[in-house]
Protein chains: 2
Amino acid sequence: MRLVIARCSVDYTGRLNAHLPLATRLLVHKNDGSLLVHSDGGSYKPLNWMSPPCSLTREDPDEVDLEDGVIERWRVTHAKTGDALLVRIHEIMHDTAHDLGVDPGLIKDGVEADLQRLLAEQVSVVGENLTLVRREYPTAIGPVDLLLRNDDGPGTVAIEVKRRGDIDGVEQLTRYLELLNRDPLLAPVTGVFAAQEIKPQARVLATDRGIRCLTLDYDEMKGVQSGAPRLF
Amino acid sequence: MRLVIARCSVDYTGRLNAHLPLATRLLVHKNDGSLLVHSDGGSYKPLNWMSPPCSLTREDPDEVDLEDGVIERWRVTHAKTGDALLVRIHEIMHDTAHDLGVDPGLIKDGVEADLQRLLAEQVSVVGENLTLVRREYPTAIGPVDLLLRNDDGPGTVAIEVKRRGDIDGVEQLTRYLELLNRDPLLAPVTGVFAAQEIKPQARVLATDRGIRCLTLDYDEMKGVQSGAPRLF
DNA sequence: GCGTAGATTTCGGAT
DNA sequence: ATCCGAAGTCTACGC
């Protein structure tokens, strides 16, 4: 990894065109050839960048660049897509290289897959007298997150699990319900939209379509699952 | 901006929990308090991070940490959400600070707004004898990108413009069409799904619903708009 | 390898 | 301030 602090301007041509006027920025040139251009603010997203696989070539400035005070140009190109990033460097304040080695990577807990797993283990959260048929129940238009069977009679419950529930999730569940209700072995199929947080518009649309909304408490569900009841 | 290359482990607690085992990484501490943890690969997204507003506090390691070889801890917290990032530093290979100043920011060209503007100026691309009613035509469920009027008789055309057209865009347009067709002053309203690239599944769904798909060539439309015909 | 769904999405505009 | 949609989204997973 090479770290450069430089006064530079940047031009990107690819899926769109973008330009960064002359300013002092951090250039991170990673081992895989990728380049990040960061300012001293904003969030984790760089101002501009090139994703791997790509390659960086150092160029001499042309006459126009020389008049502008450019001392060096970096051209970073993605061979396949034709995307190109051109960095015109006017001054280098810092330039160091470091060997970082391979990273073991991130371990996550609490994403949608975890919510789905916990809810599958605790179907009583959805309602009484329900039994899990299966997770990721396959249909022609994609898998239904959870399918439950009514113990007391005919009928099935299809659940769409989201971390954040918005209108798209309701649309998705609606498509599943329409399809599943054509199956006489499953019908009548009712829908439950389960999420840690449900947007108002999504709630309105779901209710309008007879879909029940269920807000999930991940920490509580995780506590139950771990076998550590709150009484102790 | 402070740049640190360090052997460290990282734990994040917030919207989810995440852990990074001990390895050598780049730590970027920006002027706004935010912290990025980068490896020497991957893409522009850091392995872990904390977004502003947040603040970094240096802590002394506890006894367990000392046994593990931790020389220093950084705790980065987001006061409002309670998100917290804890970096356990075992060794610092590099540590420099730099004054970058404020960045003038990125100038973009070729995003959805540009497509929409160009199509509004070139409605003949959609079909003959059509006139623009307005861009961002307001409805109760959100604005329709473009609304056109049929010059030869009754009827309206509603257009959804996307850079990349996938199934969500078709759903969105379908909702608009359903609503607009209830208005006797507009009905019958037909739909056009216009995008630089239309995914096969989206095309199938649109066609099934009687929505016409239109692939847009941004460069060509830009050329026409600039008044520089290709003959010269 | 392609395509789709999720993301600690981030970012910008409009209400 | 909040909500909502776009993004050069990136990334993991299923086919």
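- A salt bridge links B:Asp114 with B:Arg117; the closest basic N to acidic carboxylate O contact falls under 4.0 Å.
- Considering only heavy atoms from C-beta on, A:Ser39 stays 4.5 Å or farther from B:Leu100 through its side chain.
- The distance between atom CG of B:Asp166 and atom P of C:dG3, rounded to the nearest whole Å, is 13 Å.
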Given salt bridge (charged side-chain N to carboxylate O under 4.0 Å, His left out), test A:Arg73 with A:Asp65 step by step and report yes or no.
CA-CA 9 Å; A:Arg73 299 203 312 197; A:Asp65 285 339; 2.8 Å; yes

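- For A:Asp166, there are no side chain to side chain donor-acceptor pair (under 3.5 Å) partners two or more places apart in sequence or in a different chain.
- At whole-Å resolution of the value, CD1 in B:Ile198 and C1' in C:dT4 are 17 Å apart.
- Listed by first and then second residue, the ring-ring contact (aromatic ring centres under 6.0 Å, His included) pairs involving residues 13-56 of chain B are A:Tyr44-B:Trp49, A:Trp49-B:Tyr44 (not counting sequence neighbours).
- Residues meeting the side chain to side chain donor-acceptor pair (under 3.5 Å) test with B:Arg7, sequence neighbours left out: B:Glu91.
- Between the C1' atom of C:dT10 and the NE2 atom of A:His38 lies a distance of 12 Å, rounded to the nearest Å.
- Interatomic distance, CG of A:Asp217 versus CD of A:Gln196, reported as 8.0 Å (0.5 Å rounding).
- Rounded to a whole Å, the CG atom of A:Asp168 is 15 Å from the C1' atom of D:dA7.
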Tabulate atom names and distances for all N/O pairs under 3.5 angstrom spanning the protein and nucleotides 11-14 of chain C.
unit_1	atom_1	unit_2	atom_2	d
C:dC11	OP1	A:Ser43	N	3.4

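- Partners of B:Glu178 according to the salt bridge (charged side-chain N to carboxylate O under 4.0 Å, His left out) rule, which considers only residues two or more places apart in sequence or in another chain, are B:Arg182.
- B:Arg134 is linked by a side chain to side chain donor-acceptor pair (under 3.5 Å) to nothing, counting only residues two or more places apart in sequence or in another chain.
- The closest side-chain donor-acceptor pair between A:Tyr12 and A:Asp83 falls under 3.5 angstrom.
- Near DNA chain D, meaning a heavy atom under 4.0 Å away, the residues from residues 4-29 of chain A are A:Tyr12, A:Arg15, A:Leu16.
- Among A:Leu56, A:Val4, A:Leu20, A:Val10, the single residue meeting the side chain to side chain contact (heavy atoms under 4.5 Å, CB included) criterion with A:Val87 is A:Val10.
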Report all interatomic pairs (protein N or O, nucleotide N or O of nucleotides 12-15 of chain D) with separations under 3.5 Å.
none

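- Distance, B:Leu106 CG to C:dT10 P: 18 Å, rounded to whole Å.
- Listed by first and then second residue, the salt bridge (charged side-chain N to carboxylate O under 4.0 Å, His left out) pairs involving residues 201-216 of chain B are B:Glu171-B:Arg209 (not counting sequence neighbours).
- Between the NZ atom of B:Lys108 and the P atom of D:dA7 there is a distance of 8 Å, rounded to whole Å.
- Taking a cutoff of 4.0 Å between a charged side-chain nitrogen and a carboxylate oxygen, A:Asp68 and A:Arg88 do not qualify as a salt bridge.
- Between the C1' atom of C:dA7 and the CG atom of B:Leu47 lies a distance of 15 Å, rounded to the nearest Å.
- Side chains of B:Lys162 and B:Gln172: a donor-acceptor N/O pair is present below 3.5 angstrom, by distance only.
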What are the atom names and distances for every N/O pair under 3.5 Å that joins the protein to nucleotides 2-5 of chain D?
unit_1	atom_1	unit_2	atom_2	d
D:dC4	OP1	A:Gln201	NE2	3.0

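- Under the 3.5 Å distance criterion, with hydrogens and angles disregarded, a donor-acceptor pair is assigned to the side chains of B:Tyr218 and B:Asp109.
- Contacts between residues 49-59 of chain B and DNA chain C, defined by a heavy-atom separation below 4.0 Å, involve B:Trp49, B:Ser51, listed by number.
- Listed by first and then second residue, the salt bridge (charged side-chain N to carboxylate O under 4.0 Å, His left out) pairs that reach into residues 20-29 of chain A are A:Arg25-B:Asp103, sequence neighbours excluded.
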